[in-house]
There are 2 protein chains.
Amino acid sequence: MRDMSLSKREEWDTMGFNPHNCPIRSVLDHVGAKWTVLILFELQQGPQRFNALGRALPDISKRMLTQSLRSLERDGLVKREVFDTKPPSVSYSLTDMGVSLMQPLVGLVNWAEDQMTAVKDAREVYDAINV
Amino acid sequence: MRDMSLSKREEWDTMGFNPHNCPIRSVLDHVGAKWTVLILFELQQGPQRFNALGRALPDISKRMLTQSLRSLERDGLVKREVFDTKPPSVSYSLTDMGVSLMQPLVGLVNWAEDQMTAVKDAREVYDAINV
DNA sequence: CCGAATCCTAAACGATACTG
DNA sequence: CAGTATCGTTTAGGATTCGG
């Protein structure tokens with residue numbers, strides 16, 4: 001499966017579609033990650049402090065919360081602000097780019113909500129047939 | 001981080017937002033998976049046979065192609081048709097639900113394409129600052 | 001032509017304990 | 001309050017071989 005035409009591969013690479021070398025993938029990876037979408041939705045309601053996010057997101061560990069926020073910050077979707085008080089206070093908020101992501105993201109999530117019973121049904125049928 | 005109010009958790013669960021018990025997640029998982037989005041885009045151009053998909057998608061192994069197609073089929077997004085010829089022929093195509101997914105999905109991918117240089121830049125700045 | 005079966009590695013995720 | 005550090009587990013993905 002390696003003997004594809006070079007033109008096709010180059011086309012893909014320049015379009016950023018090749019999963020091995022892909023700027024688009026970084027966005028899709030956020031969507032696929034376990035917590036980032038939830039965090040983005042929570043931040044949509046306004047800036048939040050670290051522990052407030054933790055309380056709002058059931059079952060997320062501090063480790064994953066930190067890690068998820070860092071990856072979002074790294075890609076410019078979330079802004080992190082440290083206020084040097086004691087005890088320390090850190091505020092997270094959506095950047096303009098982060099805000100602009102929400103529209104297509106909401107579109108996808110809305111589709112998922114609308115179709116989730118259909119998906120569930122299809123899955124049950126499939127699982128019933130395939131032992 | 002376990003002592004959140006029950007009402008909040010129940011609200012999440014019923015809305016399907018809890019990653020541990022979530023119909024919506026199954027859709028987001030497809031988006032996050034390495035090959036499924038590419039397969040969906042390829043199938044958007046019409047029904048394709050297994051090996052044709054393999055040739056169209058550089059670097060995907062047969063194993064992952066099979067697995068990805070199965071998961072899409074299981075959730076009712078892709079239809080698999082077997083023609084009992086020799087050699088055997090199997091056609092994959094989008095279901096109506098699969099087709100309906102493409103619009104929000106394209107919305108997300110378009111956003112990613114538009115912002116991919118901004119994301120790349122943000123990433124480089126972040127990486128330069130954080131050693 | 002279209003896979004299934006097996007084995008393996010790397011990455012994601014989670015639990016726990018500790019810190020300025 | 002907002003993390004870091006460490007460790008163990010689980011899952012996704014890849015390489016290879018075999019079969020109807």
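Convention: sequence-line order gives letters A, B, ...; per-chain numbering from 1. What you are looking at is a predicted structure, and each value in this text was computed from that prediction instead of being measured.
Taking Ala122(B) as the reference, nothing meets the side-chain contact (heavy atoms from CB on, under 4.5 Å) condition, with sequence neighbours excluded. For Asp114(A), the side-chain contact (heavy atoms from CB on, under 4.5 Å) criterion is met by no residue, not counting sequence neighbours. Residues forming a side-chain hydrogen bond (donor to acceptor under 3.5 Å, both in side chains) with Ser91(A) (at least two apart in sequence, or on another chain): none. Remark: Asp127(A) engages Arg74(B) in a side-chain hydrogen bond (donor to acceptor under 3.5 Å, both in side chains) (not counting sequence neighbours). Qualifying side-chain hydrogen bond (donor to acceptor under 3.5 Å, both in side chains) partners for Arg123(A), counting only residues two or more places apart in sequence or in other chains: Asp75(B). By the side-chain hydrogen bond (donor to acceptor under 3.5 Å, both in side chains) test, Ser100(B) pairs with Trp111(A), sequence neighbours left out.
Each end of the helix from dC1(C)-dG20(D) to dG20(C)-dC1(D) yields a helix axis from five base pairs, and these two axes differ in direction by 50° (to the nearest 10 degrees).
With distances taken from any side-chain atom of Asn51(A) to the nucleotides dA2(D), dA4(C), dG14(C), the minimum falls on dA2(D). Considering only side-chain atoms of Met64(A), the nucleotide from dG14(D), dG3(C), dC13(C) that sits closest is dC13(C). Proximity note for Lys34(A) (side chain, C-beta onward) versus dC13(C), dG14(D), dC1(C): the nearest is dC13(C).
Looking only at side-chain heavy atoms (C-beta outward), Val109(A) and Phe41(A) come within less than 4.5 Å of each other. Annotation: side chain of Gln115(A) is not in contact with side chain of Val27(B) (no heavy-atom distance under 4.5 Å).
Here Arg55(A) does not reach the OP1 or OP2 of dA2(D): none of its side-chain N or O atoms lies under 4.0 Å away.
Sequence order on DNA chain D of the closest nucleotides to Arg70(A) and Gln67(B) puts Arg70(A) first from the 5' end.
Through direct or relayed side-chain contacts under 4.5 Å between Ile, Leu, Val, Met, Phe, Trp and Tyr, Val125(B) connects to Ile129(B). Counting Ile, Leu, Val, Met, Phe, Trp and Tyr side chains that sit under 4.5 Å apart, directly or through other members, Tyr126(A) stands alone, with no cluster partners.
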Provide a list of protein-nucleic acid N or O atom pairs under 3.5 angstrom, restricted to nucleotides 16-19 of chain C.
none

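Listed by first and then second residue, the salt bridge (Lys or Arg N to Asp or Glu O under 4.0 Å) pairs that reach into residues 78-99 of chain A come to none, sequence neighbours excluded.
Contacts between residues 86-93 of chain A and DNA chain D, defined by a heavy-atom separation below 4.0 Å, involve Pro87(A), Pro88(A), Ser89(A), Val90(A), Tyr92(A), listed by number.
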